[in-house]
Amino acid sequence: MAPGLASSVALALGAFVVLGSLRLVVPLPEDEPLENLRFVRPAQDAPLVSHYNYIVIGGGTAGCPLAATLSEHSRVLLLERGGLPYRNMSNQQHFTDALADTSPASPAQRFISEDGVVNARARVLGGGSCLNAGFYTRASNDYVRAAGWDARLVNSSYRWVERALVFRPDVPPWQAALRDALLEAGVTPDNGFTFDHVTGTKIGGTIFDASGQRHTAADFLRHARPRGLTVLLYATVSRILFRQQEGVPYPVAYGVLFTDPLGVQHRVYLRDGAKNEVILSAGTLGSPQLLMLSGVGPQAHLEAHGVQVLVDQPMVGQGVADNPMNSVFIPSPVPVALSLVQVVGITRSGSFIEGVSGSEFGMPVSDGARRLGLARSFGLFSPQTGQLGTLPPKQRTPEALQRAAEAMRRLDRRAFRGGFILEKILGPVSSGHIELRSADPRANPAVTFNYFQEAEDLERCVHGIQTIERVIQSRAFANFTYANASVESIFTDSANFPVNLLPRHANDSRTPEQYCRDTVMTIWHYHGGCQVGAVVDDDYRVFGVQRLRVIDSSTFKYSPGTNPQATVMMLGRYMGVKIQAERWRK
């Protein structure tokens, strides 16, 4: 490693956050700003009482394509608790800005799991597609078969998504070297550019266009029928309304309550008609949380929080899992361009290898700040991001974060050269649960993921770490590693940073198993809590009630593909087409 850079690199290391059968109406122009769409408005502008065919709760990765599709022939209300994605969030250069924002209105609502891992949930129109690293890849054919989905409709739904917002990335030298190194390390064959989930090394799609602008699930709203859709922003749903109906054995959903930013409560009711429905698309944390707040969940737990029990459903909130991520920073002797995830190695052992590189570190966080020379973000290295940082999570006070940022500004810029290679495991097999902390719908629930509880998950992580070691040592990656930096020293440096709240093992002879446990982080692919077969049926209808479905990642038992956003968006479109077909079937 270059002289004088060791301490700089050590400080820098701790910071990676990381067609259906029905035709649509003519879409609105792709460059039409979302704020100009007449059907998108703040919740305080809504009437106190309104009626719709479908009420979709959650304008995220599944909710946006679902609502856009349903609006083709019905009146749909889409309720989103956050606001519009702002300009900086839409640029690749500002990938970590939203994750670094801990304000009450942040599009990334931070939480720390009971396991001690820092995490975030989306609070913005477009959901996680506004915050993630943009990688697009489909689920495997085996996953589709296991889910019981119609393969033809799945493929047409993926194509609908891909036409709207997916691009082929321009692969920079660092990502090309990672691809070649994976092949040299035995992650074969070379599958080139493909959306398909197949064993080997491939280049996947991205939701960032050639200019670095992010395209999100909110873009699907431009394909909606304007007279068929209303989108309300900053609408916090507190409860789904149920009633007993004569001749019906189960409680029937007939509306929702939501509160606007001024604290005014609004009521939305379903129009008359047995096929009108409330649909939860509030995500892995939000959907089970809202079911419980509405009286559908484990009886004793609901009673402990003063929630009136409607249906004793002990499986609500169970089976929640998060694919553990482990990463290593590889300092580079040469400048490295910014790149988010573009290449993935899909191993036969059940681990997935990806990478991110470079950044415009020290960039002001906004145009106004740039002109004034004020607040600066360090992108993937930012101590403000919360995912990784040079400060232990319990010490991340605003003052401490500011001191850390000031210290980083004084570092040699060469300390920030390089990239992170990360691994994520298939599945996972280990799972946990979600519980209410309070009856406040704005509060995060308590989440336990039980990382590496099952030996199979740990074994897959070890295989992934061993693959990364071979990548670092490969000829293909030699231009991006210091000749005198050993694999052991690279991993030791990465292992010494406080990436979570778990107890540390202070030694330099970590086994791969210990490295996996000590450096576990999230890759934000958590799922479950309303799983098919436990909480919902194969058509995503909630057991024990009527006219209520859950359509989002909370229904998954395992995370699809290497990165789930493609399949979550596909599911929104897929179920929208199916629900429409059911509506008009005699």
Side-chain angles (χ1 to χ4, degrees), residues 13-14 16 18 113 115-117 140 178-179 181-188 197 199-201 321-330 341 343-356 387-388 419-432 449-474 476-477 481 485-526 558-559 561-563:
L13 277 175
F16 172 54
V18 106
S113 73
D115 315 272
V117 174
S140 68
L178 175 60
R179 174 198 59 203
L182 283 164
L183 293 168
E184 187 179 328
V187 187
T188 56
H197 182 92
T199 300
T201 295
D322 186 21
N323 300 77
M325 180 184 78
N326 300 84
S327 73
V328 59
F329 178 71
I330 300 93
V341 178
V343 171
V344 62
I346 300 173
T347 72
R348 291 172 177 80
S349 59
S351 60
F352 308 137
I353 313 299
E354 301 174 343
V356 294
Q387 165 68 318
L388 290 177
F420 291 88
I421 300 178
L422 57 95
E423 67 85 28
K424 162 200 167 177
I425 66 167
L426 176 71
V429 180
S430 306
S431 67
F449 292 119
N450 291 323
Y451 297 105
F452 299 124
Q453 184 179 60
E454 301 296 331
E456 184 176 351
D457 291 338
L458 189 59
E459 183 179 350
R460 285 173 172 163
C461 178
V462 168
H463 285 301
I465 295 299
Q466 292 169 342
T467 301
I468 293 175
E469 290 176 346
R470 294 196 298 273
V471 166
I472 296 171
Q473 294 173 313
S474 68
F477 209 70
T481 58
S486 67
V487 170
E488 291 76 17
S489 67
I490 290 172
F491 272 86
T492 296
D493 285 344
S494 291
N496 283 333
F497 288 90
V499 300
N500 52 48
L501 297 178
L502 300 174
R504 310 302 301 181
H505 296 86
N507 62 68
D508 293 328
S509 58
R510 290 177 176 84
T511 64
E513 290 84 358
Q514 187 173 319
Y515 187 89
C516 288
R517 292 185 181 279
D518 283 357
T519 66
V520 63
M521 296 170 285
T522 185
I523 195 170
W524 304 285
H525 294 173
Y526 48 86
Y558 300 118
S559 183
T562 63
N563 299 66

> Considering residues, nucleotides and ligands other than E459, do more than 12 of their heavy atoms fall under 6.0 Å from its CD?
Replying inline: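 At most 12 heavy atoms, drawn from other residues, nucleotides or ligands, come within 6.0 Å of this atom.
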Using every non-hydrogen atom in the two residues, find where [X] and [Y] come nearest and quote the distance to one decimal.
X	Y	answer
A181	V471	CB-CG1, 3.6 Å
G432	N450	CA-ND2, 3.5 Å
I490	V328	CG2-CG2, 3.4 Å
L426	R460	O-NH1, 3.3 Å
G464	I353	O-CD1, 3.7 Å

>> For E513, is there an ion pair with R517 - N to carboxylate O distance below 4.0 angstrom?
In response: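 No, no charged N to carboxylate O under 4.0 Å.
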Strictly distance-based, threshold 3.5 Å: is any side-chain N or O of [X] a donor or acceptor partner for the main-chain N or O of [Y]?
X	Y	result
E184	S474	no
T201	V187	yes
R348	T188	yes

Does a side-chain heavy-atom distance below 4.5 Å link [X] with [Y]?
X	Y	answer
S431	F449	no
I465	C516	yes
E423	T467	no
F491	E469	yes
R179	V344	no
P512	H463	no
T347	T199	no
V343	E354	no

What's the separation between atom [atom1] in [X] and atom [atom2] in [Y], rounded to the nearest 0.5 Å?
X	Y	atom1	atom2	value
D322	K424	CG	NZ	9.0 Å
I421	S327	CD1	OG	10.0 Å
M325	C461	CE	SG	11.0 Å

>> For H525, give me all partners under ring-ring contact (aromatic ring centres under 6.0 Å, His included), at least two apart in sequence or on another chain.
In response: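 Once residues adjacent in sequence are excluded, H525 has no partner under the ring-ring contact (aromatic ring centres under 6.0 Å, His included) criterion.
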> Listed by chain and number, what are the ring-ring contact (aromatic ring centres under 6.0 Å, His included) partners of Y558, not counting sequence neighbours?
Replying inline: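 ring-ring contact (aromatic ring centres under 6.0 Å, His included) list for Y558, sorted by chain: empty.
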> So F352 and H197, would you call those rings parallel, tilted or perpendicular, with 30° and 60° as cut-offs?
Replying inline: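 Rings of F352 and H197: perpendicular, as their planes differ by over 60°.
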> Does any donor atom in the side chain of N326 or Y515 lie under 3.5 Å from an acceptor atom in the other side chain?
Replying inline: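 There is no such pair between these side chains.
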> With no hydrogens and no angle check, do the side chains of T492 and S489 hold a donor and an acceptor under 3.5 Å apart?
Replying inline: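 There is no such pair (donor and acceptor under 3.5 Å, judged by atom type) between the side chains of T492 and S489.
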>> Going by side chain to side chain contact (heavy atoms under 4.5 Å, CB included), name the residues that satisfy it together with S430, two or more places apart in sequence or in a different chain.
In response: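 So S430 forms a side chain to side chain contact (heavy atoms under 4.5 Å, CB included) with Q453, E454, D457.
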> Taking Y451 as the fixed residue, which of V520, L458, N323 is the one that meets the side chain to side chain contact (heavy atoms under 4.5 Å, CB included) rule?
Replying inline: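 With Y451 as partner, side chain to side chain contact (heavy atoms under 4.5 Å, CB included) holds for just one option, V520.
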